[in-house]
Every structure is written in structure tokens, then in C-alpha cells.
Amino acid sequence: MSDPRILTVRPAPGEFAWTFGGAPPVARIAPGTVLDLYTEDCFAGRVRSEKDLVSEVCEFPFLNPQTGPFHVEGAEPGDTVAVHFVSIEPARDWAASTTVPLFGALTSTHTTASLQPPLPETAWIWQLDRERRTALFSARDSDIRIELPMDPMHGTVGVAPANLEVRSALVPDAHGGNMDTPEMRAGVTCYLGVNVEGALLSLGDGHARQGEGETCGVAVECAMNTVVIVELLKGVATPWPRIESDTHIISTGSARPLEDAFRISQLDLVQWLVRDYGFSELDAYQFATQTVESPLANVCDTNYTCVAKLRKEWLPARETHRGLHARLRETAAALRR
């Protein structure tokens with residue numbers, strides 16, 4: 001097998017995309033291409049100290065810059081683009097988190113309106129030790145310092161939506177987008193259904209770590225150096241973004257209210273069991289009910305995202321997505337040698 005093509009992309013400040021759909025591709029890539037990418041943080045690198053407030057240094061809606069989009073040659077509606085995350089590494093020794101007025105799960109918002117004033121706007125700067133793989137929390141109102149393990153992930157990965165839509169990079173939906181699930185870490189393969197010719201794949205919104213739910217609305221946001229392998233599954237439909245790790249199959253659902261996001265992820269997992277693992281629909285429903293893990297991804301974005309994950313060791317020995325995850329893991333291992 002010939003070595004894969006490697007495309008390195010380091011966007012200049014004015015070369016990021018802010019939407020899924022509606023942006024011209026920065027490159028055409030063949031299936032099997034390795035992308036070596038720089039992604040900027042959700043603030044476009046503008047929150048650099050505790051004095052930098054989002055309302056002062058950022059301009060809404062220009063948040064969550066994406067690297068891309070990439071036109072995947074041969075991708076057509078009804079196909080699936082697979083994105084295997086080889087590595088996700090912080091590009092700087094610091095990361096930022098904030099509270100943002102009228103945003104987050106424990107405050108009044110524009111859609112959950114009340115007479116309460118917004119929470120104070122505050123910034124935290126996290127120091128990253130990239131060698132020791134740690135992130136240092138420094139409290140603003142006390143001398144508390146707590147060192148946490150880094151768990152780098154991408155909050156945002158997606159393709160152009162269907163039906164001529166252009167969606168803000170802040171919004172998750174069936175096209176992917178700002179799902180904010182900690183499951184999107186190195187070693188996993190993300191499957192995205194193609195809606196337009198070329199798919200128009202983009203990613204960004206790196207997090208050094210994030211708790212499930214992203215409660216205040218902002219993770220430990222940092223720029224990333226990320227390597228992915230992009231593949232194409234012809235004739236395989238993926239209605240909602242799916243993730244495959246070495247140990248789990250994982251479905252996602254994004255919607256409001258939260259229970260609808262939960263239902264979408266659970267239904268997609270049931271349908272996955274039917275399609276690839278030989279279950280009838282009711283047997284899959286029963287089996288998933290007793291085995292599924294259901295972590296929250298985000299409960300703060302324009303749509304909420306829920307995850308439904310199931311251990312592979314409990315499933316029949318069947319191939320899913322044509323065994324692509326295992327093959328991409330082999331390619332990733334060869335790249336690291």
C-alpha cells in the first residue's frame with residue numbers, strides 16, 4: 001500500500017470558516033488523505049488573560065472558527081465521510097475559559113428568559129503542561145490550585161448541512177457541528193453523513209479538557225495541532241454523527257428540548273444495532289436499554305447534544321462501517337512510527 005498523502009494546513013487569521021455550508025473549500029482532497037491541521041480556539045485566540053472579556057475582545061457571531069472546509073472527492077449525498085483522529089495536541093501552553101452573559105446551563109438565557117441579571121463575566125486562564133499532560137485550575141476568588149489531567153478533544157467537527165442550509169459553527173445538528181462531546185478524542189473515528197457534493201468537512205473548537213455537559217458553556221478552550229485521516233464510505237448512509245472507538249460504538253443526537261436529543265441518540269443506536277449487528281428492532285431496543293451509557297455532551301448550545309454509547313465486548317462479532325475504524329487505526333499507527 002502506498003503512503004497516504006499528507007496535507008498541512010495552517011490558516012492565517014482571515015482564513016477560517018465560521019459556518020458549516022456557505023463557505024468555499026480551502027482544498028480538494030482524495031479519500032485516504034491525512035490532514036495535519038492547526039485549529040484556533042473558540043475565541044480566535046483573543047482571550048489571553050483574565051482581563052480579556054469575551055464581550056470586549058470578540059465580535060458575535062464570529063466565534064468558533066473552523067479549519068476548512070475540505071472538499072472530499074467522490075463524496076455524494078447518501079455516502080459517509082469518516083474522520084479518524086490520529087492526534088490532538090494543544091498548540092500553546094495556556095488555555096482560556098469564561099462565563100458569558102446569558103449563556104450556559106445555570107443562568108438565564110435568551111430562550112430561558114427571566115428577570116435575573118446575567119452572571120458576572122469572568123475569565124480563567126489555565127496553564128497547560130504539555131509534557132506532563134496536565135491542566136492547572138487557578139481559582140479567581142481563593143488560593144485554590146488543582147492540577148487535572150488533560151484530555152484533548154474537538155468540540156466541533158462536521159460537514160455542510162442538507163437542504164441548502166448554512167449553519168453557524170456554534171450549532172450542532174445532524175450535520176455534526178458544535179457537539180461538544182468529550183468522546184471526540186484521539187483514537188476515535190467519527191462518521192458523518194454527506195449532504196452535498198464533496199461533503200465540505202471542517203473542524204475546530206479544541207478543548208484541553210471538558211466535563212460532560214459543558215455546564216457553564218465554555219470548556220478549557222485552546223488552539224490545537226491535530227492530525228486526522230479522512231476516508232469515504234460509498235453507499236453508506238449515516239443519519240446522525242456516529243463515533244467508533246476501540247471499545248465502544250457511540251451515537252449522538254442534537255436538539256432542544258434535552259429529552260429529544262436523548263431520544264435521537266438512543267434511536268440511532270438502536271438502528272445501528274439493527275443494521276450492522278443482526279438485532280431485530282425490539283430486541284435492539286431491549287438490549288440497548290439494559291447496556292447503554294448516556295453521557296451528556298452539551299446542555300448549553302443552541303441545540304443540546306446527548307450521547308448513547310455501548311461496549312463492543314457485549315456485541316456480536318460483526319463488522320460495522322466495513323471495518324474502517326480498525327484499518328484507520330493501523331494507518332495511524334504507521335504514521336506515528
Side-chain angles (χ1 to χ4, degrees), residues 1-12 15-17 25-42 45 64-73 75 80-93 95 128 130-131 133 135 150-159 169 176 179-192 199-210 219-233 241-246 250 321 324-337:
M1 184 177 67
S2 60
D3 292 335
R5 181 192 176 205
I6 299 176
L7 176 64
T8 300
V9 178
R10 300 286 185 267
E15 295 177 341
F16 293 96
V26 299
R28 296 175 69 98
I29 61 171
T33 297
V34 176
L35 296 178
D36 180 357
L37 306 176
Y38 173 83
T39 66
E40 189 48 272
D41 68 36
C42 71
N64 246 14
Q66 302 299 300
T67 300
F70 298 94
H71 179 113
V72 182
E73 293 177 352
T80 291
V81 164
V83 183
H84 182 78
F85 288 86
V86 178
S87 61
I88 306 173
E89 295 295 331
R92 296 191 280 247
D93 291 328
L128 307 180
R130 292 183 282 181
E131 289 188 4
R133 315 294 295 168
M150 281 202 302
D151 186 10
M153 52 164 280
H154 271 280
T156 307
V157 57
V159 295
M179 296 178 284
D180 284 321
T181 171
E183 305 292 345
M184 204 72 73
R185 54 173 62 92
V188 308
T189 303
C190 176
Y191 302 104
L192 298 161
L200 299 182
L201 168 71
S202 302
L203 67 154
D205 190 25
H207 299 170
R209 66 168 295 115
Q210 179 209 301
V220 182
E221 310 282 345
C222 66
M224 289 292 183
N225 292 317
T226 293
V227 177
V228 299
I229 309 169
V230 181
E231 264 295 355
L232 179 64
L233 289 166
R242 293 175 175 176
I243 304 167
E244 184 179 357
S245 71
D246 292 345
I250 304 164
H321 292 90
L324 186 57
H325 173 73
R327 297 199 302 275
L328 291 174
R329 287 286 274 163
E330 292 176 0
T331 303
L335 288 171
R336 289 191 291 267
R337 287 201 290 267

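Closest non-hydrogen pair, D41 versus A223, comes out as CB-N, 3.8 Å. The two residues V157 and C190 make their nearest non-hydrogen contact at CG1-SG, 4.2 Å. Pairing each heavy atom of V86 with each of A186, the nearest pair is O-CB, 4.0 Å. Of all the heavy atoms in P31 and V72, the pair that sits closest is CG-CG1, 4.4 Å. Minimum heavy-atom separation, M184 to I243: CE-CD1, 3.6 Å. The minimum heavy-atom distance linking M224 with P90 is given by the pair SD-N, 3.5 Å.
Without hydrogens or angle criteria, T67 side chain to Y38 main chain gives a donor-acceptor distance under 3.5 Å.
No side-chain heavy atom of L232 sits less than 4.5 Å from a side-chain heavy atom of T80. Contact annotation: the side chain of T33 never approaches that of I229 to less than 4.5 Å [non-hydrogen atoms, C-beta and beyond]. For the pair R92 and L128, the minimum side-chain heavy-atom distance is 4.5 Å or more. A heavy-atom distance below 4.5 Å is found between the side chains of R327 and L324. When side chains are defined from C-beta on, M150 does not count as touching R209, because their heavy atoms never get closer than 4.5 Å. A 4.5 Å side-chain heavy-atom check between I29 and L35 finds at least one atom pair inside the cut-off. Considering only heavy atoms from C-beta on, V34 stays 4.5 Å or farther from V228 through its side chain. H321 has its side chain within reach of Y191: a pair of non-hydrogen atoms, C-beta onward, lies under 4.5 Å apart.
Under the rule for a side chain to side chain contact (heavy atoms under 4.5 Å, CB included), the partners of A219 that lie at least two apart in sequence or sit in another chain are H207, Q210, E214, E221. Qualifying ring pair (Phe, Tyr, Trp, His ring centres under 6.0 Å) partners for F70, counting only residues two or more places apart in sequence or in other chains: none. Every side chain to side chain contact (heavy atoms under 4.5 Å, CB included) that S87 has, sequence neighbours left out, goes to V227. Listed by chain and residue number, R133 satisfy the side chain to side chain contact (heavy atoms under 4.5 Å, CB included) test with E89 (two or more places apart in sequence, or in another chain). Listed by chain and number, the residues in a salt bridge (charged side-chain N to carboxylate O under 4.0 Å, His left out) with D205 amount to none (sequence neighbours excluded).
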Requested in this report: Apply salt bridge (charged side-chain N to carboxylate O under 4.0 Å, His left out) to the pair E244 and R329, showing each step before the final yes or no.
Outcome: CA-CA 11 Å; E244 184 179 357; R329 287 286 274 163; over 6 Å; no
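Salt bridge absent: R242 and E183 never bring a charged side-chain N and a carboxylate O closer than 4.0 Å.
Applying the side chain to side chain donor-acceptor pair (under 3.5 Å) test to pairs two or more places apart or on separate chains, those with a residue in residues 222-231 are H154-T226.
In this structure, CG on D36 lies 8.5 Å from CG on L7, to the nearest 0.5 angstrom.
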